[in-house]
Amino acid sequence: MTMYDTTRPENAVDQQTIKIQARNVQVWYGQKQAIKDLNVEILDKTVTAFIGPSGCGKSTFLRCINRMNDTIDTARIEGEITIDGENIYDRRIDPVQLRAKVGMVFQKPNPFPKSIYDNVAYGPRIHGLARNKAEMDEIVERSLRGSALWNEVKDRLSEPGTGLSGGQQQRLCIARAVATSPEVLLMDEPCSALDPIATSQVEELIEQLRQQFSVVIVTHSMQQAARVSQKTAFFHLGNLVEYGDTDDIFTKPRDSRTEAYISGRIG
Amino acid sequence: MTMYDTTRPENAVDQQTIKIQARNVQVWYGQKQAIKDLNVEILDKTVTAFIGPSGCGKSTFLRCINRMNDTIDTARIEGEITIDGENIYDRRIDPVQLRAKVGMVFQKPNPFPKSIYDNVAYGPRIHGLARNKAEMDEIVERSLRGSALWNEVKDRLSEPGTGLSGGQQQRLCIARAVATSPEVLLMDEPCSALDPIATSQVEELIEQLRQQFSVVIVTHSMQQAARVSQKTAFFHLGNLVEYGDTDDIFTKPRDSRTEAYISGRIG
Amino acid sequence: QSRDQVQVAGSSTVLPYATIVAELFGENFDFGSPVIESGGSSTGLRRFCEGVGENTIDIANSSREIRDTEVAECAANGVEEIMEVRIGYDGIVFASAQTGNSFEFTPSDWFNALSAKVVADGAIVDNTAANWSEVNPDLADQEILAFVPGTRHGTREVFDEKVIMQGCEDTGAMEVFVAEMGEDEGEAACMTLRTDGRSVDIDGDYTETLARIGSSPNGIGVFGLSFYENNTDTLQVATMGGVTPSTETIASGEYPVSRPLFIYVKKAHIGVIPGVKEFAEFFVSDAIAGPDGPLAAYGLVSDPELASVQQAVADEVTMQ
Amino acid sequence: MTDISSTTPAGRKSLYVQDARTRRRNAAEKRFRAYGLTAIIIAVLMLAMLVFTILRNGSGAFTQTYLSLPVALDAQVLDPKGNRDPAEMASVLTLSYGQVLDRALETEIAALDLTIEGLGAGDANRLISRDASAQLRNRVLSDPELVGQVVDVNVLVNGRIDGYFKGRVTAETAARDANVSPQQLLLAQALADNGTMVTRFNWGFLTLPDASDQRPEAAGVGVAILGSLYMMLVVLVLSVPIGVGASIYLQEFAPKNRWTDMIEVNIANLAAVPSIVFGILGLAVFINFAGLPASAPIVGGLVLTLMTLPTIIIATRAALQSVPPSIRDAALGVGASRMQTVFHHVLPLAMPGILTGTILGLAQALGETAPLLLIGMVAFVREYPAAPPEGLFDPASALPVQVYNWTQRADPAFVERASGAIIVLLIFLLCMNLLAIYLRRKFERRW
Amino acid sequence: MPMSWALFAALLLAVAGFYLGRSRACQAGGSDVRTLHSRPTYHGANVGLSVLLPALIVLALASGLRMAGVIPASSGAIAGLLALGAAVAGLGWAMTRIDSDFRARNAVERMVMGLMIFCSMIAIATTLGIVLSLIFETISFFGQYSLTEFFFGTTWSPRFEGNSRLGMLPLLWGTLYISFIALLVAVPIGLLAAIYLSEYASPRLRGFAKPAVEVLAGIPTIVYGLFALVTVGPMLRDWIAQPMGLGNSGSSVMTAGLVMGIMLIPFVSSLSDDIINAVPQSLRDGALGLGSTPSETVRSVVIPAALPGIVGAILLAASRAIGETMIVVLGAGAAATISGNPFEAMTTITVKIVSQLTGDNDFSSPETLVAFALGLTLFVITLALNVIALIIVRKYREQYE
Ligand SMILES: Nc1ncnc2c1ncn2[C@@H]1O[C@H](COP(=O)(O)OP(=O)(O)OP(=O)(O)O)[C@@H](O)[C@H]1O
Ligand SMILES: Nc1ncnc2c1ncn2[C@@H]1O[C@H](COP(=O)(O)OP(=O)(O)OP(=O)(O)O)[C@@H](O)[C@H]1O
Ligand SMILES: [Mg+2]
Ligand SMILES: [Mg+2]
């Protein structure tokens with residue numbers, strides 16, 4: 001697997017606490033089962049990469065973690081997902097608070113039809129993270145810098161976010177998610193529309209975030225998974241086939257399907 | 001540049017006719033200029049890759065080629081683009097016919113809220129490409145196979161296309177564009193949400209298409225550009241900085257900005 | 001081909017009588033029931049005067065005489081021969097809720113209760129009376145609240161002239177007003193009603209007045225005689241100048257507040273639109289408009305000179 | 001790059017306990033939801049209240065009291081010449097038939113041996129509806145041989161007596177009422193007790209034409225239903241295609257310039273034009289200028305079409321506008337023309353809004369009286385219009401007109417009929433909208 | 001009747017033309033229809049329309065001329081024949097044009113576009129018709145009554161004897177006041193109901209409540225009027241106005257406004273609900289994913305995105321409020337006064353248009369003609385309001401995607 005020998009940070013996993021734990025999770029869309037009996041433990045202060053062929057259920061599982069699947073009428077979930085030991089499908093859990101804690105960047109960029117500034121300031125505003133305009137300005141700038149968009153948009157913060165290019169919209173959505181400082185950040189292919197430079201800047205951001213938080217990233221780029229993650233989960237046809245240290249997965253996969261996938265044989 | 005040493009087909013460019021020619025194209029969105037004085041000649045039976053940092057105007061130029069920019073109120077275009085020697089901004093040109101000839105895959109997957117089958121069959125239907133149901137079935141199957149989606153959806157052709165995963169939607173849009181057999185196919189990051197296997201299948205499709213047609217592809221993956229294209233154009237801040245044979249661009253770029261970009265220094 | 005039905009439009013006061021006649025006409029003749037539109041005398045006459053021809057009406061119902069300006073307009077549009085037919089008289093009565101006090105009014109009481117300005121000790125002052133007993137100690141001790149027809153109604157004209165104006169003269173206020181403001185202004189001042197909510201204009205119909213009395217049991221309303229006669233279970237009528245209104249007292253002229261009702265027939269349509277003349281003749285025939293006919297039973301005061309009206313219709317006598 | 005995460009609070013909080021801010025926001029959320037629910041409940045309650053009132057007042061219109069009795073058709077009265085010639089018998093007016101019926105009732109009462117204390121002479125006469133004499137006359141004229149025989153007839157009874165059986169009239173009110181006496185009520189009760197007088201379902205209300213003030217019991221909405229039906233046909237056929245066509249042009253094709261703005265403002269303004277002004281327009285244009293007949297459903301339909309167009313156009317435009325541009329891009333991108341894009345993709349997605357506009361527009365058109373005032377449809381019409389298309393040019397009235405007319409009548413019996421007509425109108429509306437509501441639910445989707 | 005027969009025949013011919021054209025196009029395409037520029041269906045439609053449109057135009061012209069009296073009424077048969085001739089000519093011409101290069105789709109689309117433009121011209125024609133049918137009487141009104149008195153007079157008291165004071169300000173005030181209160185009721189209730197229906201309600205509740213609320217728009221206004229007169233009016237008077245010393249009038253601006261507001265709820269709720277429903281789910285996901293509550297999502301993302309449509313709905317409701325008669329007559333009374341007290345009786349321009357027009361006055365007197373002047377004035381005022389609304393909406397529009 002010499003293909004992935006790009007520079008990457010130490011992938012050593014510290015002895016960390018479990019942040020998210022999924023037990024026997026099953027998800028259906030109507031009659032169709034999208035996730036089959038999934039068990040996984042996602043560690044704190046770690047970047048976990050979800051890889052797997054298109055349509056295997058990565059986004060679906062990601063959306064389960066912050067209960068975004070609630071918004072799909074046909075979606076039905078079984079099993080248990082806990083965050084910090086608390087079952088998020090418990091009736092006492094308030095999905096709003098959950099989602100404030102577990103941020104998300106969606107696969108398709110979905111900026112609000114508002115100004116760029118308001119797009120980023122939206123989260124901090126509803127969560128009351130800024131006491132005044134100056135603080136808000138600072139949060140907005142910091143987030144946009146983090147997602148490598150600041151230079152391109154600093155002169156047009158009041159223009160609508162929908163008038164940006166595809167990659168710019170994607171970075172805007174990253175900035176928007178980061179601005180609320182979530183404890184867990186779920187990113188569904190955050191760099192799919194980004195050029196290599198922007199990608200590496202976002203990866204830098206991810207590395208930084210993981211100092212304090214847990215990041216889950218879905219990616220189709222094995223290089224990226226290898227570069228940024230410490231743990232990797234391989235999904236296939238709704239199953240979590242293999243989960244382990246990124247290094248191990250890429251160098252000595254235990255399951256044949258994993259091996260086939262990372263060597264480019266199954267899709 | 002050993003980074004791009006993956007297997008790729010012969011990138012030799014035949015002595016071919018010019019399919020698309022752009023002269024002094026300038027594009028504005030309201031006051032903002034997105035394309036500055038662009039000149040380019042795109043050859044027939046060739047895959048041309050557009051690369052460049054996010055927000056540099058790739059999609060904008062792509063949309064100019066089949067006049068999709070007409071739909072944006074604020075967009076204004078100057079200069080001349082000819083296809084087969086005919087100026088497409090001529091008043092006599094019927095944009096509908098133009099777009100039937102110049103197909104497009106958009107950056108953000110946008111399936112119709114109809115069934116998967118109808119999504120693909122729509123184009124052939126309005127262009128009268130199938131004489132009967134059997135022929136139509138065949139076109140649909142061929143297109144879906146080409147875009148590597150057939151196996152995943154063959155049992156659910158009547159389900160809505162909007163209920164697919166991100167990568168599946170992207171492939172559906174590719175199938176939709178291919179189904180009308182356009183002479184020129186414009187693909188805006190067609191593989192951004194695809195796993196490596198699907199990507200290579202789509203690349204195979206592109207290779208196949210170029211036997212007869214001209215394909216323009218926007219990509220952020222330099223490897224992909226190197227793999228599939230014979231010609232590469234590098235955009236930067238609205239300028240076409242460099243245009244030439246793919247091999248040359250990647251191995252001996254003439255412009256310093258090109259070099260900086262492909263070696264990962266500017267974004 | 002020409003229209004099958006006679007078309008009639010106009011006053012909503014004449015409407016019930018016209019419908020009764022139209023119904024009987026349709027039952028007893030082969031012409032088919034005439035179409036009777038409501039919409040007010042004004043609209044009726046306007047449509048009547050729009051010209052001669054199939055898509056104009058044949059007969060206009062009116063609760064007042066046609067005005068000279070209207071006749072002129074008619075003539076300008078080619079409607080030159082108009083037959084004026086007086087079908088009877090409409091009595092206007094004052095009634096209050098059955099459950100409340102009964103009243104015996106004179107025009108002076110109404111003037112003193114509702115006029116915006118009254119004369120007190122020879123001086124013109126704003127009307128502040130709040131109680132009928134303040135106006136006239138003989139009347140019941142009840143708040144003044146009168147539902148009078150709005151200025152769109154022909155009834156209002158009669159009310160103004162035969163009650164308020166009469167009261168103005170009777171109380172002697174007229175002289176004071178005229179002396180103070182001159183002839184025209186003085187008369188106008190007589191008929192200006194107070195706007196502090198004691199006098200409520202009703203733009204709708206008698207049913208609205210009835211409903212308002214239902215929701216404000218202190219109110220006294222102005223009604224047509226026939227409307228009252230159909231609602232004697234909820235309304236009690238007040239006398240005016242000591243006379244109880246009825247078809248007899250009005251026909252004899254004892255009860256003062258009444259007005260004539262008319263239909264105007266377009267002579268040019270007679271013989272063109274089938275049934276126009278027959279309908280007009282039927283309308284004023286003894287069996288219908290006579291004192292024992294269904295119209296009288298419904299509350300129309302039969303015309304004492306009905307015979308001459310019948311003759312005029314038979315001869316197709318036009319105005320002037 | 002600066003540190004992103006500096007603002008995050010250090011201590012980890014349980015998700016089970018809501019922090020103060022979340023609690024506040026959740027409270028706001030609950031309030032908001034409650035407001036929404038309250039709004040719906042208010043609206044539905046109001047509806048329930050209005051419908052309840054209408055039903056309570058109007059259900060009586062659907063039953064009616066009938067009297068059956070044998071009538072001796074006196075040849076001397078009905079055929080004075082004695083030659084049984086219908087043409088000559090026609091000179092005998094309904095008034096005479098009324099007398100025949102009165103006499104028959106007196107005979108019947110005597111035969112049944114009913115004695116009511118204080119019942120005056122002729123009091124019994126007023127039990128029978130004045131409509132009965134017309135029925136009897138028609139029957140006799142169509143079969144002159146009946147004269148001289150005794151026939152069984154089934155006739156309507158007077159509105160006040162009918163009101164007694166529906167609880168509207170009581171002995172107490174009758175005592176004050178000049179038109180009915182308590183003795184008459186006792187007589188009616190006696191007749192009902194022995195089965196001569198029955199109250200049953202009243203088809204006549206749905207089929208008969210309007211009747212004059214003196215016969216509330218015989219009044220029906222037959223002509224009005226036909227008139228409304230014809231008008232709505234015209235409105236439906238014209239306003240939906242024209243409205244949708246205009247909206248599509250304005251929203252999708254018209255160049256964005258002053259001229260288009262002008263049309264847009266114009267349409268919005270037409271919505272604010274009082275409906276009676278459309279009546280003025282109709283009178284001036286369709287009747288006086290175009291020479292169409294007055295009181296005809298075609299004119300009413302045209303006027304109502306013009307009146308509903310703004311509603312449909314505004315709703316349709318809003319719906320078209322809310323279709324995401326990406327759908328248009330997708331269709332254009334595969335080579336569909338703009339027209340195809342609109343008709344194949346945008347219009348189906350805008351369908352719910354279009355249907356809503358249609359529902360609201362038709363509801364408005366169906367219930368409107370004012371514009372009909374000036375074009376002669378607020379009228380007393382007893383003749384049924386013919387079948388379309390000729391019937392479109394015959395005089396007719398309409399359901400709201402019938403309601404409006406009846407609420408103005410002096411006899412309180414008409415209040416019940418007005419409410420009955422409203423019930424019919426609402427059922428009519430519901431039937432008309434059923435398809436639209438069904439289609440709307442089918443087209444509604446999120447993407 | 002010959003004209004309607006001609007119309008019928010032209011329709012039949014058009015249908016026949018459609019099939020003829022289509023099969024002819026299939027032939028022209030030979031073995032492969034793909035060589036055709038346009039699909040055969042479009043060729044068929046082109047033939048059909050080429051048959052129908054000329055016939056329609058001839059018929060419309062003929063009936064127009066006949067109405068205007070230029071040609072005699074008996075000329076229907078000739079007109080019918082002419083129309084048929086035009087149809088046949090259209091058929092022949094269109095059939096000869098069919099070949100593989102003929103742009104039938106473009107031709108059909110041009111014709112459809114023409115029809116659609118015609119449809120939107122109807123709005124202009126209506127406006128023109130309204131202005132024309134009001135202007136002459138208005139001019140004749142101003143010939144008899146002073147312009148300044150009418151526009152700036154503060155007293156409205158028509159009389160039979162003449163000498164009326166016809167100042168429109170009290171009516172205008174009443175119109176604005178009552179409409180304002182009606183909107184104050186209808187907009188919040190309607191909007192909240194729409195939000196609840198589209199964002200929270202279960203499909204079953206929604207399936208029931210939406211059509212049910214729409215029934216409110218279909219109840220004849222006289223029912224609302226009686227409701228105002230019999231129930232709401234006395235209630236407001238006895239419970240609020242009298243205890244607070246605000247007057248003792250049974251009919252008031254408040255009564256009419258409240259009841260009218262109820263009638264207007266569906267205009268706001270149903271239209272807004274459709275528009276809100278059409279906002280893409282991805283926008284909601286975006287906001288929810290940031291941890292906003294559903295209500296915050298609605299308020300800050302969904303409503304702004306749906307704003308143009310919602311404003312349209314509100315304007316429609318306002319328009320209905322301005323044009324309403326019966327509720328005002330029965331609920332607010334007929335007194336033309338200017339006062340800020342919402343528990344006082346007032347009236348509106350529309351009511352006075354109706355009552356002056358359908359009253360018993362002399363029809364050529366200013367008392368009647370004032371109805372036309374009021375109509376035209378109201379028309380101009382609402383036009384101005386609409387222009388302002390358009391400008392405001394333009395400014396705050398948020399286009400999604
Ligand atoms: N509709 C629009 N209105 C205004 N500005 C726009 C619009 N679309 C794009 N732009 C701007 O034009 C520039 C070029 O955009 P374009 O979409 O062509 O970029 P791109 O090269 O495709 O980038 P990416 O790789 O991110 O998709 C960007 O700066 C973008 O912000
Ligand atoms: N809303 C939906 N309704 C029905 N089926 C769905 C829906 N969303 C996803 N699916 C199906 O569920 C399966 C998993 O989808 P998911 O979006 O999780 O895939 P993914 O791993 O994210 O793929 P990709 O890499 O293409 O985004 C797919 O087969 C997809 O077709
Ligand atoms: Mg996905
Ligand atoms: Mg792009």
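Letters go in sequence order (proteins before strands), and every chain restarts at 1.
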(message) According to salt bridge (Lys or Arg N to Asp or Glu O under 4.0 Å), does anything in residues 163-175 of chain B pair up with another residue at least two apart or in another chain? List the pairs.
(response)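 Qualifying pairs: B/Glu152-B/Arg171.
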
(message) Which one wins on heavy-atom pair count under 4.5 Å against chain B: A/Gln170, A/Lys58, A/Glu159, A/Gln107?
(response) A/Gln107

(request) For each of A/Ala193, A/Cys56, A/Ser221, A/Ala34, tally heavy-atom pairs with chain B at distances under 4.5 Å, and name the one with the top tally. (result) A/Ala193

(request) Please list, chain by chain and in numerical order, all residues satisfying ring pair (Phe, Tyr, Trp, His ring centres under 6.0 Å) with B/Phe112, sequence neighbours excluded. (result) B/Tyr122, D/His345

(message) I need the A/Ile35 CD1 to A/Tyr29 OH distance, nearest 0.5 Å.
(response)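 So the CD1 of A/Ile35 and the OH of A/Tyr29 are separated by 7.5 Å.
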
(message) Do B/Ile42 and B/Phe50 make a side-chain contact, defined as non-hydrogen atoms from C-beta onward lying under 4.5 Å apart?
(response)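 Heavy-atom side-chain distance check passes, below 4.5 Å.
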
(message) Looking only at heavy atoms and a cut-off of under 4.5 Å, which of B/Leu194, B/Ile72, B/Leu237, B/Thr74 has the most pairs with chain A?
(response) B/Leu194

(request) Please determine, among B/Arg156, B/His220, B/Gln169, the option with the most heavy-atom pairs under 4.5 Å with chain A. (result) B/His220

(message) Please classify the contact of B/Gln168 with chain A as side chain, backbone, both or neither, using a heavy-atom distance under 4.5 Å.
(response)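 When you check distances to chain A, atoms from both the backbone and side chain of B/Gln168 fall under 4.5 Å.
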
(request) Would you please say whether a donor-acceptor pair under 3.5 Å links the side chains of A/Ser59 and B/Ser165? (result) no

